[in-house]
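Everything on this sheet refers to the single structure shown next.
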There are 2 protein chains.
Amino acid sequence: MRLTTKGRYAVTAMLDLALHTDKGPVSLADISARQGISLSYLEQLFARLRQCNLVQSVRGPGGGYRLSVSTAQISVAQVVDAVSESLDATRCEGKGNCHEGEVCLTHHLWENLSDQIHRFLSDISLADLVARGEIQAVKERQDSRLHTGVRPENHIIVSEIL
Amino acid sequence: MRLTTKGRYAVTAMLDLALHTDKGPVSLADISARQGISLSYLEQLFARLRQCNLVQSVRGPGGGYRLSVSTAQISVAQVVDAVSESLDATRCEGKGNCHEGEVCLTHHLWENLSDQIHRFLSDISLADLVARGEIQAVKERQDSRLHTGVRPENHIIVSEIL
DNA sequence: GCTATATCCGAGCATTTTACTCAACTATTA
DNA sequence: TAATAGTTGAGTAAAATGCTCGGATATAGC
């Protein structure tokens, strides 16, 4: 399990998707504009997320991505794992380069720690993140903007599709 | 806070150091031989660890590195932070590229998550890792080897220095 | 059917990071 | 004085990051 800016981008994008998914599919162009991530990079990330069955795509105009399952069922760990392809190549896979089993044990120990981190992030769902106070403030601001008829830039309202 | 193989190397090396530190300074050559990490790379890692005051160096023959403080006082987070130089450059540092404060909030949220991970790893000390069952088995094997007069390869006993 | 929208898909590419080598220098011990 | 071992810096191949560009495919609305 690796934790880099790549995973951060993925979590941010998925969070954006979670916030706007109730109004129909969200296009990558929207996420790109809102989150400042390049469209092509998002395409690559979402290709992985789709392969891991975290999101579903809707092609054509008004299309985009939606979550495959509810926000409560998607953990941060799943998102990070989806884009990091951690082969976790422990350099002592049965080979003889582990002197007296010592190296293997240290690696084992690290995997142990890695598992703990993984379990920790598995307990945090997108729903948990969305439920936070800061994000709620944004959501409400967006809702009120919808009520007054003002539409967010670069965001096509596709509620008529649903 | 980033979590890559670099941090993994650092934790592994520090763990090796923690296991052998009671017998005097541990040379990087020893760690290199035991853990299969190149000497030059270890030098770079320990330069950082020294700057962060996690280890102290002893120059000259029989020298090496020892922990600056006890294993209970060094957390995994400290070790990872020492080598990852996470500038954590949030791309919206007061600049105007955050549309309507929304991007900033998402970044804020990620930092929030990042803090949680950091706090989690801060609670795991080297002593905690050493106390694990698997590593205890290695320690005891090494201890018994010392009792029978057999010395680990590449490891100079410097107990007379202490 | 045509067009605009959007996902898909692959190639390529500049930059950074990783993990390492090599070389020289300094401090310390015996 | 010789051997050890940290210290420093330069360089480097390979990988990962974070994109661009070009095109293909699917679909909604006209």
Side-chain angles (χ1 to χ4, degrees), chain A residues 2-10 12-13 17 24-33 35-51 55-66 68 80 83-89 91 154-162, chain B residues 2-10 12-13 17 24-33 35-51 55-66 68 80 83-89 91 154-162:
Chain A
R2 298 169 59 211
L3 203 53
T4 62
T5 50
K6 195 175 192 176
R8 173 214 182 108
Y9 276 130
T12 301
L17 183 54
V26 181
S27 73
L28 294 188
D30 285 8
I31 300 178
S32 173
Q35 306 303 335
I37 310 170
S38 89
L39 180 58
S40 304
Y41 198 42
L42 280 175
E43 284 173 356
Q44 288 174 33
L45 295 180
F46 273 79
R48 299 273 188 81
L49 293 169
R50 196 171 63 92
Q51 282 164 21
V55 294
Q56 284 177 341
S57 64
V58 179
R59 301 180 76 156
Y65 285 94
R66 59 169 61 126
S68 290
V80 173
V83 297
S84 30
E85 64 182 330
S86 76
L87 297 176
D88 205 7
R91 64 176 58 198
N154 298 324
H155 188 67
I156 301 168
I157 306 296
V158 279
S159 55
E160 56 268 21
I161 298 175
L162 292 179
Chain B
R2 298 169 59 212
L3 203 53
T4 61
T5 50
K6 195 174 190 174
R8 172 213 183 109
Y9 275 129
T12 301
L17 183 55
V26 180
S27 73
L28 294 188
D30 285 9
I31 300 179
S32 173
Q35 306 302 335
I37 310 170
S38 90
L39 180 59
S40 303
Y41 197 42
L42 280 175
E43 283 171 356
Q44 289 174 33
L45 296 180
F46 273 79
R48 300 273 188 81
L49 293 169
R50 195 172 63 94
Q51 281 163 21
V55 295
Q56 285 177 340
S57 64
V58 179
R59 301 179 75 155
Y65 285 94
R66 59 169 59 128
S68 290
V80 172
V83 297
S84 28
E85 64 185 327
S86 76
L87 299 176
D88 206 6
R91 63 176 61 197
N154 297 325
H155 188 67
I156 301 169
I157 305 297
V158 279
S159 54
E160 56 270 20
I161 298 173
L162 292 179

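- In terms of the side-chain contact (heavy atoms from CB on, under 4.5 Å) criterion, residue partners of A/T4 (sequence neighbours excluded) are, by chain and number, A/R2, A/K6, B/T4.
- With rounding to whole Å, B/K6 atom NZ is found 18 Å from D/dA15 atom P.
- Smallest separation of non-hydrogen atoms from B/S38 and B/S32: C-OG, 4.0 Å.
- Between A/G63 and A/P25, the closest heavy-atom pair is C-CB, 3.7 Å.
- Rounding to the nearest 0.5 Å places OH of B/Y41 at 14.0 Å from CG of B/L28.
- In this structure B/R50 satisfies the side-chain contact (heavy atoms from CB on, under 4.5 Å) test together with B/V55, B/S57, B/Y65, sequence neighbours excluded.
- Between A/D30 atom CG and C/dT7 atom C1' the separation is 13 Å, expressed in whole Å.
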With sugar-phosphate taken as primed atoms, P, OP1 and OP2 and all else as base, the protein-contact string of nucleotides 22-29 of chain C at under 4.0 Å (heavy atoms; B, S, -) is B---BBBB

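- Every side-chain contact (heavy atoms from CB on, under 4.5 Å) that A/Q56 has, sequence neighbours left out, goes to A/R66, A/S68.
- The side chain of B/S57 places an N or O atom within less than 4.0 Å of a non-bridging phosphate oxygen (OP1 or OP2) of D/dT7.
- Toward the 5' end of DNA chain D, the nearer of the two residues A/Q44 and B/L28, judged by each one's closest nucleotide, is B/L28.
- The phosphate of D/dT7 (OP1 or OP2) has a side-chain N or O of B/Y65 nearer than 4.0 angstrom.
- For B/T4, no side-chain nitrogen or oxygen approaches OP1 or OP2 of C/dT17 to under 4.0 Å.
- Picking from D/dA5, C/dC20, D/dT17 the nucleotide with the shortest atom distance to the side chain of B/S27 gives D/dA5.
- The side-chain heavy atoms of B/V83 and B/Y9, taken from C-beta on, include no pair separated by under 4.5 Å.
- When each of A/L39 and B/Y41 is assigned the nucleotide of DNA chain C bearing its nearest heavy atom, the one mapping closer to the 5' terminus is A/L39.
- Protein atom CZ of B/R48 is 8 Å distant from nucleotide atom P of C/dT18, rounded to whole Å.
- Minimum interatomic distance between B/A13 and B/L42 (heavy atoms only, all atoms of both residues): CB-CD2, 3.9 Å.
- The distance from atom CD of A/Q56 to atom C1' of C/dC8 is 16 Å, rounded to the nearest whole Å.
- Rounded to whole angstrom, the span from the CD atom of A/Q51 across to the P atom of C/dC9 amounts to 8 Å.
- Distance, A/L49 CG to C/dC8 P: 11 Å, rounded to whole Å.
- Rounded to whole angstrom, the span from the CG atom of B/L45 across to the P atom of C/dT17 amounts to 15 Å.
- Atom CD in B/Q35 sits 10.5 Å away from atom CG in B/D30 (nearest 0.5 Å).
- Each end of the helix from C/dG1-D/dC30 to C/dA30-D/dT1 gets its own rotation axis from five pairs of C1' atoms, and the angle between them is 20° to the nearest 10 degrees.
- Contact between the side-chain N/O atoms of B/R2 and the OP1/OP2 oxygens of D/dA16 is not found at any separation under 4.0 Å.
- Using a 4.5 Å heavy-atom threshold, the side chains of A/S84 and A/V80 count as touching.
- Distances shorter than 4.0 Å separate none of the side-chain N or O atoms of B/R8 from OP1 or OP2 on C/dA19.
- Per the geometry, CD belonging to A/Q35 stands 17 Å off C1' belonging to D/dG18, to the nearest Å.
- Side-chain N/O atoms of B/R50 include one lying less than 4.0 angstrom from OP1 or OP2 on D/dT8.
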